[in-house]
Structures are given as C-alpha cells and as structure tokens.
There are 2 protein chains.
Amino acid sequence: MNEDCVIYKIAGFIGKKWTIPIILELYKKKPKKRYSEIKKNFSGITPKILSMRLKELEKNGLVKKEMDISSVPVKCYYSLTERGLDFIRVINQIKKWGLKWNYGRCSSNAKSCKNCDL
Amino acid sequence: MNEDCVIYKIAGFIGKKWTIPIILELYKKKPKKRYSEIKKNFSGITPKILSMRLKELEKNGLVKKEMDISSVPVKCYYSLTERGLDFIRVINQIKKWGLKWNYGRCSSNAKSCKNCDL
DNA sequence: CCGGATCCTCTGCGATACTG
DNA sequence: CAGTATCGCAGAGGATCCGG
C-alpha cells in the first residue's frame, strides 16, 4: 500500500472524528468563526480535539486561521479556504451516494444533524 | 453530533485502513476474487484485518460473498455489489479533488499504487 | 478567552499461532 | 483454504488542570 497515495491520505483525515462536522460548521452561515463559537456548537468535543483538527485542516490547506492581535484577549478566526470550499462538493457526493442507497439516513430534523444540513 | 448521519457513517468506514484498497482490488480485473487472492495482492495485511474489512463491507452492502461448498476446501468468492460499484464513482471524486489541489500525489508507477490505479 | 500540557483509557492494528 | 484466538503496542480520543 502506498502511503503517499492521494486517496489514502484524504480518506485518512476524512475518517477522523469531528473532521467533517467541523468543515461543515465553517461552511454554514457565518464564514468566519471563532474557536469558542465552533466549540459551543458541538456538544461533546474537547478543546484538545478541536485544536488538533483545526491544525490538521490548516496544514492540509482547507482551513485558514486569522488572528486579531489588536484586542485582548487575542481573537482567532477560522474559515474555509478556496480548497476547503471545493471540498464541500466532495462531501456532497458522498452524501448523495449514501442517500441514494439508503445508507443510514439523513436526520428528519435538520437542526439536529450538523452534517447533513448542507 | 448525530451518529446516524449518512456522511458521518460513510466517512467512518472509508477512513479505516485497507478499506479503500480492498474495494479497488475487487474492482480491478477479475470481478470475483477469493480470500487468498486478495490477501496475496497486498503486502502487509493480516488475515484478521482482511476478515474484519470484508465483513464490514458485506454488512454495508458494498461487497457480496459467495461460497462454493461443492469442493473441498470450500471456496469463498468476494465481489462488489451494484452499490459497491457505484461507490467507485465517489472514490473517483475524492481522487479528482486531491489531484486538482495537488494534495499528495498519484504514484508515478501505477503498479505500486493500488489505490490510484483506477 | 484561547488554547497548551498532562495523564489516562480504549480501540485499531499488527504479529503469531491455531482450527474446521 | 479461510478464517478465528490471543497477545501486545501505539496512537486516538477524553478529562482535567494550567498558562498567556
């Protein structure tokens, strides 16, 4: 198996817990969100995991971090890059496949499903 | 986070090691492959993991298992279902995104990359 | 307020040996 | 041949405390 393979690498980070919810959270409504805003929109995520995922996504070029040092405390804003926005299309493809084959289900109540609410 | 969510569930099994290579292995050339055929085409996979993955894929309806009891020893054939074949399209979408944004690279030598050799 | 650092648990994966 | 059983490790993820 080739570790450098595109597909393998992408599949690797997609599968990590919270990655997709975070991407979609940054896609919805406000384009820029602060760390605490993201955090409060997820029940159960720990600061460490959120930090890790944001860092991974930043490293992979899907998320951009901007800091506002003018104020105290420093405010950190996270948003999707162009690359990250384009990834939404991929997520939609996955979703379409899932719905087509009745794999799992989309929550009937959109508000309760942060993933499917595209 | 909604555990039943389509996207989350799919992302969950995509990300598991060997899942995608196995799907693609069953896609290439011979449509039906025996357990040992799959195994020998991957260096490094253990029988336990291969069993687990095949069972997961079967449970998710992407892979179909057929047994030939007429002969001894029993021969087990694995192949993609219609649903599984349709999933190849999703994998291709992921690949396209990756190549478009130069995320990782496709192995220059196709023989060494079981993933990208679509 | 935004995280970093630590500690701990749990499971995914691998190696090896064994069985119907 | 087609798996299962057992063991062990490393890394992911969670809980909690700490610092700029």
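Residue numbering restarts at 1 for every chain, and letters A, B, ... go by the order of the sequence lines. When reading the values below, keep in mind they use all heavy atoms of this one structure, side chains included, and skip hydrogens, waters and symmetry mates.
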Identify, with sequence neighbours excluded, every residue that meets side-chain hydrogen bond (donor to acceptor under 3.5 Å, both in side chains) alongside [X].
X: Lys32(A); answer: Glu66(A)
X: Ser71(B); answer: none
X: Lys48(B); answer: none

Tabulate protein N/O versus nucleotide N/O from nucleotides 2-5 of chain D, keeping only pairs under 3.5 Å, one per line.
| from | atom 1 | to | atom 2 | distance (Å) |
| --- | --- | --- | --- | --- |
| dA2(D) | OP1 | Arg34(B) | NE | 2.9 |
| dA2(D) | OP1 | Arg34(B) | NH2 | 3.0 |
| dA2(D) | OP1 | Cys76(B) | N | 3.4 |
| dA2(D) | OP2 | Ser36(B) | N | 3.1 |
| dA2(D) | OP2 | Ser36(B) | OG | 2.8 |
| dG3(D) | OP1 | Lys65(B) | NZ | 3.0 |
| dG3(D) | OP2 | Tyr78(B) | OH | 2.4 |
| dT4(D) | OP1 | Lys55(B) | NZ | 2.8 |
| dT4(D) | OP2 | Lys55(B) | NZ | 3.2 |

Under the side-chain contact (heavy atoms from CB on, under 4.5 Å) rule, collect the residues that match up with Pro47(A), sequence neighbours excluded.
Tyr35(A), Lys39(A)
Round to a whole Å and report the spacing from [atom1] of [X] to [atom2] of [N].
X: Leu50(A); N: dG14(D); atom1: CG; atom2: P; value: 12 Å
X: Lys16(A); N: dG14(D); atom1: NZ; atom2: P; value: 13 Å
X: Ile49(A); N: dT16(D); atom1: CD1; atom2: P; value: 15 Å

Please write out which residues are connected to Ile69(A) in a hydrophobic cluster, directly or through intermediates, given that two of Ile, Leu, Val, Met, Phe, Trp, Tyr count as joined at side-chain heavy-atom separations below 4.5 angstrom.
Met67(A), Val74(A)
Partners of [X] by salt bridge (charged side-chain N to carboxylate O under 4.0 Å, His left out), sequence neighbours excluded?
X: Arg89(A); answer: Asp86(A)
X: Lys64(A); answer: none
X: Glu56(A); answer: Lys16(A), Arg53(A)
X: Lys30(B); answer: Glu37(B)

Greater than 12 external heavy atoms within 6.0 Å of Lys59(A)'s NZ
no
Bend angle of the helix from dC1(C)-dG20(D) to dG20(C)-dC1(D), end axes from five pairs each (to 10°):
40°
First contact, last contact: which nucleotides of DNA chain C are these for chain A, 5' to 3', heavy-atom distance under 4.0 Å?
dC1(C) to dC7(C)
